> 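My questions all concern the structure below.
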Amino acid sequence: MSPEYIKEIVSHHQGELGALISILEDIQARHHYLPEDALRIVAEETGRSLVDIYGVATFYKAFSLKPRGKHHISVCMGTACHVRSAPGIVDEFTRELGLRPGETTQDREFTLETVNCLGTCALGPIVLVDGHYFSNVKRTDVKKIIAKTSSGFAEEPGDREDRLFPVEVYCPHCNHGLMDEQNRIEDYPAISLACSFNGTRGWVRMSSLYGSHCLESEHPFVADTPVKFFCPECHAELVGKAACLDCGFPMVTLGFQGGGSLLMCTRWGCNNSTISLNGHLWRDELRNDAREQIPG
Amino acid sequence: MDYLSSREEFTALQERLCSDYNADIPTIIIPAGTCGQASGASDLVRTAQREIIRRKLQDKLHLRVTGCHGFCQMEPSVLIEPAGTFYPRVDITGMKRIIDALVRQEVVEDLLFVDEETGQRIARQDDIPFYRHQSRLLLSQNEKIDPLDVYDYLRIGGYFAFVRLLADMEPRQVIEEVKDSELRGRGGAGFPTGMKWEFLSGAADGKGKYIVCNADEGDPGAYMDRSLLEGNPHSIIEGMLIGAYATGADQGVMYVRTEYPLAIKHLNNALKQSRALGLLGGNILGSGFSFDISLVKGAGAFVCGEETALMRSIEGRMGEPCQRPPFPVQKGIHGKPTLINNVETWANIPVVLRDGAQEYRKTGRMNTGTKIFSLVGKIKNTGLVEVPMGTPVREIIYDIGGGQSGKAGIKAVQTGGPSGGCIPAGMFDIPISYESLAQAGSIMGSGGMIVMDGNTCMIDVAKYFMNFLKDESCGKCFACRKGTQRMFELLDDIASGRGTLNHLKILEELALILKDVAMCGLGQTAPNPVLSTLKYFREEYLEHIEHKRCPAGVCKGLISFTISELCTGCGACVKACPEQAITGEKKQRHVIDQDRCSRCGACKSICKFEAVEIH
Amino acid sequence: MVTVTINGLDVRVEEGTTILEAARFVGFPIPTLCHNDGVSPYGACRLCVVEIGQEPRSKLVSSCTYPVEEGLKIRTASQRVVRARRMIIELLLASCPQSKTIQDLASAHGVRQQRFRQEHEDCILCGLCVRMCSEQMMAHAIGFRGRGEDRSIGTPFDMSSDVCRLCGACMYICPACQLRCTYNQPEHAICNACANLRPPCIEKEEYSDLMCYMKPCVACEIK
């Protein structure tokens, strides 16, 4: 294990309130559990005794010192879920997976856990799997949930039709259309942009299906690097004032005919995109005066 | 986003936002809090976006994705402004039809809410019984704003109360106003908020006073704080700004439980926006007043809702409570004076200052203001309800909640989570107030209201809470650690048929002493679920002990399943049974092998003919 | 100086003293388990509870952590206090009957029954050893782990600690008369790190020139 990134995490949270808990959370986000070595490095870096760190790591239920599975199943055991037979759901998972709450399957696929309340009590019993909420779960649903989880929440036929739709965008600075009729991705004209990262310039073509992350680019990108996008016509940088809700990076802003904007995170690999149709928000976004010309 | 450096700039922005906004344009409002998303609101949002973009309706239709409105059971739902039309449980096709109809200025009749009692369709949200009987002082704001957009909050008058008092009021006056409003802590114990503020204001001068928003909503079954955090994060920031100004605190902390990822996301975004606007940070609006808020995440510990434990957790240590004194206002986070209020309390503050204490006091009987409850369990309409203080329990359960959901009648309602107790149906006329609930052996708590019917076993409920508490007790104080563990043991004995009258005696004795001797609030209130069920449902305990019978058919050790002559031999239960305990010829009455049966109830829940009986 | 009333007796004590110190100073005994003058007060065992304030608003607080206040009315042995203490002792007996300290407490307070399911635990988690290790020995070798019924005391990862100097202070201060050690082999209940864990007096010939650090000596008293 490289101590470098842990040092980075520790220095990132330096001086913050509750820093230790945030540090452990960040480490756990990476490994899905807290490896012993990591705790030792944290102790060294923060100057706190290992026994303190270990105490915190074992006190809070969100932390695990044992490796956890790829898929994380949490069954809500809040009162509302309990009176609507959540214990039966746990039993069913236990039977199906051969796990008691807190355990992980041998193949490290599934971890079963119970959680005290997810705060969606009106829809109980609730099962949370890898960030996906299943509401009003019945015993008979358990098999389906496991199957759906193993398939990586693959879309069911028809889903794609409903969830993905093509958009047509233009540059908010020069009003020039950005759709590339010659180059089609997933049967639709691609969104064609110029981009630069780490001093490299090139083109990128993205699928115009909102929600799809298919794209082609001149150069291979490096994950987690910020990428700058430019209009191929007026060369203005396409960056708005909004920041990505997931990672805090700035968002690219593209306009729709008729109003509204499409926002995309500029961190490579983030895939977060949203549509803003809220009157003043997108107008404000497009009122972007600071134009940066494409370098070189 | 423009940095605001003076009150004039703030007023100008607010005026611009109001004049830019055309309230006549139909707006599609989709609640997409955690519960909305869990029931599929994201699909509706996409469909609406798709249709609006495809048909270039941007200027004819607005779309607003908001936090939770309260009627979670009907989600994913759609609300149309300004008409106030409410569509429950909308699917993707429904969404398309609603947009079609909106363009033609029509209403989709067959998608409207149906009142089960009258069979009538109700178009307007405000006419639906669930909403009609509420006074939604705080929750109604959730519909009006996109929680990710500070401009929406500003448009409806947000931050106005704070900006006004920043210029026109002395901190002293603000405290007087809050005291005058008689607002009491919404987190459970109901300590007068103004008085708490006065203590902090009186604590030693100088840098380094903390105010904390306790958003560690750990009570299972309560989620009103989540809906406020997700749906209206700026109102809490504004409340804290007002509190900081009044008490002279310069640092704010929001302690949010990690189980609420969406709330954390929305709060982080809101904090960022407020900072960008200059409403948080140094020299706010050129007034010389500085204040900033940092967000601290919990890591899954119920006990961290207790103030002293919460402070330890904010310091990055194990969340162990300490005995008070010293109180947090004397010695809090890192030894600095600290004030802790709950989310709902903070959300009430802007309302108090906006309307004035006198106006605020007009709402509610016995105590002032409103209280949000999460009405869940065996009830027809589940969701968040906001009612004035003093509303009788009956009104909440029957008028708003619509009464029982199944065949079994409502037996009791549990309030206050693991620290609260059960109120039997016979006492539903008591009004909701801190005092009356305490008198009934429960507490206001953070506002969970779990309805229980004839199929809920009270011993099982008490056992559930003890199981919860023995895991969630920090374990520092011996009385709480062993007390909850032993109470669970005794209840488990009773529930599995090993109980004697002696068990009951020890249970009661232990519960009363634990209440007295435990160190912190968690331990002192831990016996409440046991004591209140013993008080109102002793019969049920005796039934378990003397006749080894569980009247509700819940306690596995005391029940058995049989198949009656109603059985058609369909074989559904055979497949459902995980123990292969059911046998029988096709189209013949099936039989359960009692030795193999694990009493899981799978057969009963799958049987369409109600042939499976519990004894 | 502040004036407090302890069991009807007006006492003037220094500001900042705890109720426990004040009561002991004037001679009222209050039993304790997790308290030791050498380490910071903790308030965990709840044995030292006393009743403060006027009926009916009086309440029980742990005297070891509660600082005296002017005019405070304290009762160290009211019926409510005694009842609570007896229940605590009964709970202690149910968990840790092999401890001589606890057996002594039971007989001193007239606890004649134990009605719970009998357990045999070694540790009552009073935390004296943890505080001893960090505050007096500055070692930070052992600490609390987990929470609720899974809470325990020990070293991180149940491995022999790099910072433990095997000073034995944790064992010296333990009121449950259990020799607690920093297991270095979790699968063996007996620790190998300090093979001489048994009090030296047991094998007198072999260790005749060693001084016994157990005071009062457990081994000699139990037989």
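In what follows, every chain begins at residue 1, and chains take the letters A, B, ... in the order their sequences are listed. A quick note: this is a predicted structure, and the numbers were derived from the prediction, not measured.
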> With a cut-off of 6.0 Å (strictly less than), are more than 12 heavy atoms of other residues, nucleotides or ligands near CD of B:Glu435?
yes

> Looking at C:Phe144 and B:Glu320, what are the two nearest heavy atoms and their distance?
CD1-OE2, 4.2 Å

> Within residues 492-508 of chain B, which residues come under 4.5 Å of chain C, heavy atom to heavy atom?
B:Asp493, B:Arg498, B:Ile506

> So do the side chains of B:Lys482 and C:Arg46 get within less than 4.5 Å of each other, counting heavy atoms only?
no

> In Å and rounded to the nearest 0.5 Å, what is the CZ to CG distance from B:Arg481 to C:Leu91?
10.0 Å

> If I measure from the heavy atoms of chain C, does B:Ala518 come under 4.5 Å with its side chain, its backbone, both, or neither?
backbone

> Relative to chain B, which segment of C:Glu90 carries a heavy atom at a distance below 4.5 Å: side chain, backbone, both, or neither?
neither

> Calculate, to the nearest 0.5 Å, the distance between atoms NZ and CG belonging to B:Lys476 and C:Leu125 respectively.
12.5 Å

> Charged N to carboxylate O below 4.0 Å: is that the case for C:Arg147 and B:Glu472?
yes

> Need one label for C:Leu92: side chain, backbone, both or neither, based on atoms under 4.5 Å from any heavy atom in chain B.
both

> Taking atom CD of C:Glu135 as the centre, does the number of heavy atoms from other residues, nucleotides or ligands within less than 6.0 Å exceed 12?
yes

> For C:Thr65 and B:Gln323, work out which heavy atoms get closest and say how close.
OG1-NE2, 3.4 Å

> I'd like to know whether CZ of B:Phe191 has more than 12 heavy-atom contacts from other residues, nucleotides or ligands below 6.0 angstrom.
yes

> Taking everything shown except C:Glu15 itself, do over 12 heavy atoms lie less than 6.0 Å from its CD?
no

> If you measure from OG on C:Ser95 to CD on B:Gln485, what distance do you get to the nearest 0.5 Å?
7.0 Å

> Please list, in residue-number order, every residue in residues 50-62 of chain C that has a heavy atom less than 4.5 Å from any heavy atom of chain B; write 'none' if there are none.
C:Leu60, C:Val61, C:Ser62

> Which residues in residues 324-333 of chain B have a heavy atom less than 4.5 Å from any heavy atom of chain C?
B:Arg324, B:Pro325

> If I measure from the heavy atoms of chain C, does B:Glu489 come under 4.5 Å with its side chain, its backbone, both, or neither?
both

> Thinking salt bridges, do B:Glu509 and C:Arg115 make one under a 4.0 Å N-O criterion?
yes

> How long is the span from the SG atom in C:Cys126 to the CZ atom in B:Phe478, to the nearest 0.5 Å?
10.5 Å

> Partners of C:Phe116 by ring-ring contact (aromatic ring centres under 6.0 Å, His included), sequence neighbours excluded?
none

> Could you tell me whether B:Arg486 and C:Glu149 have a side-chain N and a carboxylate O separated by less than 4.0 Å?
no

> Is B:Leu514 in contact with chain C via its backbone, its side chain, both, or neither, using a 4.5 Å heavy-atom distance?
neither

> Shortest non-hydrogen contact from C:Tyr42 to B:Met519?
O-CE, 3.8 Å

> Step through the shown structure and confirm whether more than 12 heavy atoms of other residues, nucleotides or ligands are within 6.0 Å of CD on C:Glu70.
yes

> So C:Ile88 and B:Ile513, do their side chains get closer than 4.5 Å, heavy atoms only?
no

